[in-house]
Amino acid sequence: MPARTIIIGTGSHLPKKILTNQDLEKIVDTSDEWIRTRTGIETRHISSDDEPNSFLATQAAKKAMEMAGVRAQELDLIIVGTLTPDMPMPSVACLVQKELGARKAGAFDLYATCSGFLYGLSIADKFIRDNRRLKILVIGSEVLSKRVNWKDRNTCVIFGDGAGAAIVTGTREPNRGIVSSHLHADGSLWELLAIRGLGTAQEVTAEQLEKGWQYIEMQGREVFKNAVRALESVSWEALESAGWHSEDIDLLVAHQANIRIIEFLRERLGLSKDKVFINISKYGNTSAASIPIALDEANRAGMLHPGMRLLMVAFGGGFTWAGMTMRW
Ligand code: ACO
């Protein structure tokens with residue numbers, strides 16, 4: 001029996017500061033009612049300067065390692081999905097490696113926006129299928145609040161900060177582990193969701209900063225339409241590849257971007273509400289961190305049992321999207 005990849009520990013960490021919809025009503029022209037009914041979000045966590053991305057990622061990693069009973073010296077690889085690193089160089093993964101003292105681990109960041117955690121998990125899966133003894137730390141961690149224009153009500157109400165982590169390794173136990181993973185992208189639509197500035201295509205100028213090129217720009221309605229289409233199609237693709245029917249799904253863990261997107265997907269897959277994990281009300285859209293935070297919450301709530309069938313799906317800027325079937 002070939003090795004399969006399982007998650008043996010999960011962790012998450014949220015910044016201390018909580019921003020409510022009522023707080024946002026004082027900052028931009030919005031209302032608690034609009035935000036709740038259009039997005040499902042009630043609060044989000046906002047990181048302070050002493051809680052950078054690498055700090056959130058390290059805290060989440062420590063909790064996952066503790067649950068897994070894995071020491072830093074045992075880690076072979078650290079992958080961090082993020083679009084909001086502390087700085088362009090070094091990677092968040094290298095800073096986490098230093099903080100943990102994971103001396104033998106390779107470390108790199110993976111830039112696939114909201115799909116970053118599933119992209120990272122699928123890369124870890126390929127390594128582990130070759131060598132089931134490897135122990136790999138996969139993290140999704142974001143500080144989106146620093147890339148959000150707090151004058152733009154179209155975006156500032158949606159995003160939040162946080163980190164989630166998983167320790168993965170191999171098993172030969174039957175009926176466990178990652179069954180299939182599916183990665184997709186469509187760069188032709190990049191302008192619908194982008195941060196135009198702060199890269200190397202152009203010098204950073206005062207004029208650009210004035211135009212807000214350091215912030216997330218999103219054509220929400222177009223992103224919404226593309227997200228529902230891509231998430232449904234990758235869900236069917238993943239189910240078919242696993243040889244599952246939608247009624248086989250025990251839990252759907254979707255990127256927490258908008259309650260209406262998740263609800264649409266739930267209906268298209270014909271799932272009952274108890275088969276869908278939702279925590280967007282507390283955290284907003286935390287991009288690459290949303291799926292590992294959700295997994296950690298479900299895990300610590302005792303909702304995940306060995307052999308359970310999970311479908312995980314994500315969609316984000318780029319565009320990127322991904323799906324994964326897993327027996328927990
Ligand atoms: N408060 C009050 N009114 C608002 C707000 C707000 N915060 N934001 C927008 N509005 C207004 C708009 O100005 C518009 O007014 P108008 O009709 O007078 O022009 C009206 O509300 C409707 O705006 P829409 O953008 O059409 O609203 P929609 O129902 O589409 O909801 C939202 C907007 C929540 C952004 C939704 O489109 C969405 O969730 N899109 C997908 C986001 C997403 O999934 N991103 C993916 C990944 S994120 C990543 O990769 C980093």
Side-chain angles (χ1 to χ4, degrees), residues 19-44 53 81-85 110-120 140-164 183-187 189-196 198 214-232 234 254-265 278 280-281 283-291 293-294 312-323:
L19 192 71
T20 66
N21 291 348
Q22 287 75 16
D23 295 331
L24 278 163
E25 285 175 350
K26 295 175 198 140
I27 302 173
V28 285
D29 179 15
T30 190
S31 67
D32 171 51
E33 206 261 333
W34 191 97
I35 302 171
R36 267 190 296 106
T37 53
R38 293 297 180 111
T39 70
I41 301 166
E42 292 170 21
T43 58
R44 68 287 290 142
N53 186 321
T82 189
L83 72 111
T84 51
L110 190 157
Y111 202 129
T113 63
C114 307
S115 313
F117 181 76
L118 291 186
Y119 266 60
S141 184
E142 302 283 11
V143 176
L144 293 157
S145 60
K146 292 212 165 60
R147 286 289 153 266
V148 157
N149 182 349
W150 290 98
K151 292 181 180 149
D152 176 13
R153 68 177 183 174
N154 290 295
T155 50
C156 75
V157 303
I158 292 171
F159 296 104
D161 302 335
L183 310 183
H184 295 284
D186 184 354
L189 298 172
W190 72 268
E191 287 184 278
L192 297 176
L193 179 53
I195 302 171
R196 287 165 193 275
L198 304 187
Q214 67 275 43
Y215 299 129
I216 296 171
E217 284 174 46
M218 182 170 77
Q219 294 183 37
R221 207 173 289 183
E222 289 307 310
V223 175
F224 192 102
K225 279 191 241 162
N226 280 281
V228 291
R229 206 178 300 137
L231 289 172
E232 185 188 352
V234 81
H255 169 47
Q256 308 284 306
N258 184 316
I259 190 81
R260 291 186 291 137
I261 294 177
I262 302 173
E263 189 54 25
F264 175 91
L265 186 61
I278 292 175
I280 189 171
S281 64
Y283 309 127
N285 180 344
T286 57
S287 189
S290 99
I291 288 185
I293 292 172
M312 297 185 271
V313 290
F315 179 89
F319 290 137
T320 64
W321 62 102

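Source: prediction; values computed, not measured. Numbering of residues begins at 1 and proceeds along the displayed sequence. Remember, it's 1-based here, ligands and their atoms both numbered in the order they're listed.
The nearest pair of heavy atoms linking Thr39 to Ile280 is O-CD1, 3.7 Å. Here the shortest heavy-atom pairing between Leu118 and Met312 reads CD1-O, 3.6 Å. Shortest non-hydrogen contact noted between Thr43 and Thr20 is CG2-CG2, 4.0 Å. Summarising the geometry of Thr155 relative to Asn149, their closest heavy-atom pair is OG1-O, 4.3 Å, with the distance given to 0.1 Å. Taking each heavy atom of Ile278 and Gln256 in turn, the nearest pair found is CA-OE1, 3.5 Å. When all heavy atoms of Gly160 and Leu144 are compared, the closest pair comes out as O-CD1, 3.5 Å.
Heavy-atom proximity to Asn154, at under 4.0 Å, picks out these atoms of ligand 1: 8 (N), 9 (C). Counting atoms of ligand 1 from 1 in the listed order, those under 4.0 Å from a heavy atom of Val157 are 7 (N). Every atom of ligand 1 with a heavy atom of Leu193 under 4.0 Å away is listed here by number and element: 47 (C), 48 (S), 49 (C), 50 (O). Each of the following atoms of ligand 1 lies closer than 4.0 Å to a heavy atom of Met218: 35 (C), 42 (C), 45 (N). Close approach of ligand 1 to Gly316 is summarised as follows: ligand atoms under 4.0 Å from at least one heavy atom of the residue are 47 (C), 50 (O). Interface of Gly220 with ligand 1, defined as ligand atoms under 4.0 Å from a residue heavy atom, comprises 37 (O), 40 (N), 41 (C). Shown in contact with Asn285 at under 4.0 Å from a heavy atom are these atoms of ligand 1, numbered in order with element: 47 (C), 48 (S).
Contact annotation: for Ile216 versus ligand 1, there are no heavy atoms closer than 4.0 Å. Contact annotation for Ile261 and ligand 1: only side-chain heavy atoms (C-beta onward) come within less than 4.0 Å of the ligand. The proximity of Ile158 to ligand 1, defined as any non-hydrogen pair under 4.0 Å, is limited to the side chain. The part of Ala257 lying near ligand 1 is the side chain, judged by heavy-atom distances below 4.0 Å. Residue Ile35 does not touch ligand 1, judged by heavy-atom distances below 4.0 Å.
The single protein non-hydrogen atom nearest to atom 17 (O) of ligand 1 is Arg221 NH2, 4.8 Å, given as residue, atom name and distance. Considering only non-hydrogen protein atoms, atom 11 (C) of ligand 1 sits nearest to Arg153 NH2, 3.6 Å. Among all non-hydrogen protein atoms, the one lying nearest atom 38 (C) of ligand 1 is Asn258 ND2, 3.5 Å. Summary of contacts: the protein heavy atom closest to atom 29 (O) of ligand 1 is Arg38 NH1, 2.5 Å.
Distance screen at 4.0 Å: atom 26 (O) of ligand 1 has a protein heavy-atom neighbour inside the cut-off. For atom 1 (N) of ligand 1, the nearest protein heavy atom lies closer than 4.0 Å. Within a 4.0 Å radius of atom 43 (C) of ligand 1, the protein has at least one heavy atom.
Scanning Thr320, Val223, Asn226 for the heavy atom closest to atom 45 (N) of ligand 1 points to Val223. Across the listed options Ala194, Cys114, Ser290, Cys114 owns the non-hydrogen atom lying nearest to atom 51 (C) of ligand 1. Remark: among candidates Phe315, Phe319, Phe224, Trp34, the nearest residue to atom 3 (N) of ligand 1 is Trp34, based on non-hydrogen atoms.
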Stepwise side chain to side chain contact (heavy atoms under 4.5 Å, CB included) check, Val228 with Phe315
CA-CA 9 Å; Val228 291; Phe315 179 89; over 6 Å; no
Test Gln214 against Lys146 for side chain to side chain contact (heavy atoms under 4.5 Å, CB included), laying out the working first.
CA-CA 9 Å; Gln214 67 275 43; Lys146 292 212 165 60; over 6 Å; no
Might you work through the side chain to side chain contact (heavy atoms under 4.5 Å, CB included) test for Val157 and Glu25, ending with a clear yes or no?
CA-CA 10 Å; Val157 303; Glu25 285 175 350; over 6 Å; no
Let's go through Arg38 and Thr30 carefully: what are the C-alpha distance in whole Å and the side-chain angles of both, what is the deciding distance for side chain to side chain contact (heavy atoms under 4.5 Å, CB included) to 0.1 Å, and is it a yes or a no?
CA-CA 11 Å; Arg38 293 297 180 111; Thr30 190; over 6 Å; no
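Between the side chain of Asn53 and the backbone N or O of Ser141, at least one donor-acceptor pair lies under 3.5 Å.
Looking at ligand 1, you'll find an N or O of Thr30 within less than 3.5 Å of one of its N or O atoms. Between Ser31 and ligand 1, a contact under 3.5 Å exists for no N or O pair. Where the criterion is an N or O separation shorter than 3.5 Å, residue side chain and backbone included, Ser287 fails it with respect to ligand 1. Taking only nitrogen or oxygen atoms, main chain and side chain alike, Thr39 does not reach within less than 3.5 Å of ligand 1.
Under 3.5 Å, the side chains of Glu142 and Thr84 contain a donor-acceptor pair of N or O atoms.
Screening Ile216, Asp161, Thr82, Leu83 for a side-chain contact (heavy atoms from CB on, under 4.5 Å) involving Ser287 leaves a single residue, Leu83. Just one residue in the list Asn285, Thr286, Thr113 forms a side chain to side chain donor-acceptor pair (under 3.5 Å) with His255, and that residue is Asn285.
Proximity of Arg260 to ligand 1 is established by a heavy-atom distance of less than 4.0 Å.
A salt bridge does not link Arg260 to Glu263: none of the charged side-chain nitrogens sits closer than 4.0 Å to a carboxylate oxygen.
The shortest distance between side-chain heavy atoms of Trp150 and Leu24 falls below 4.5 Å.
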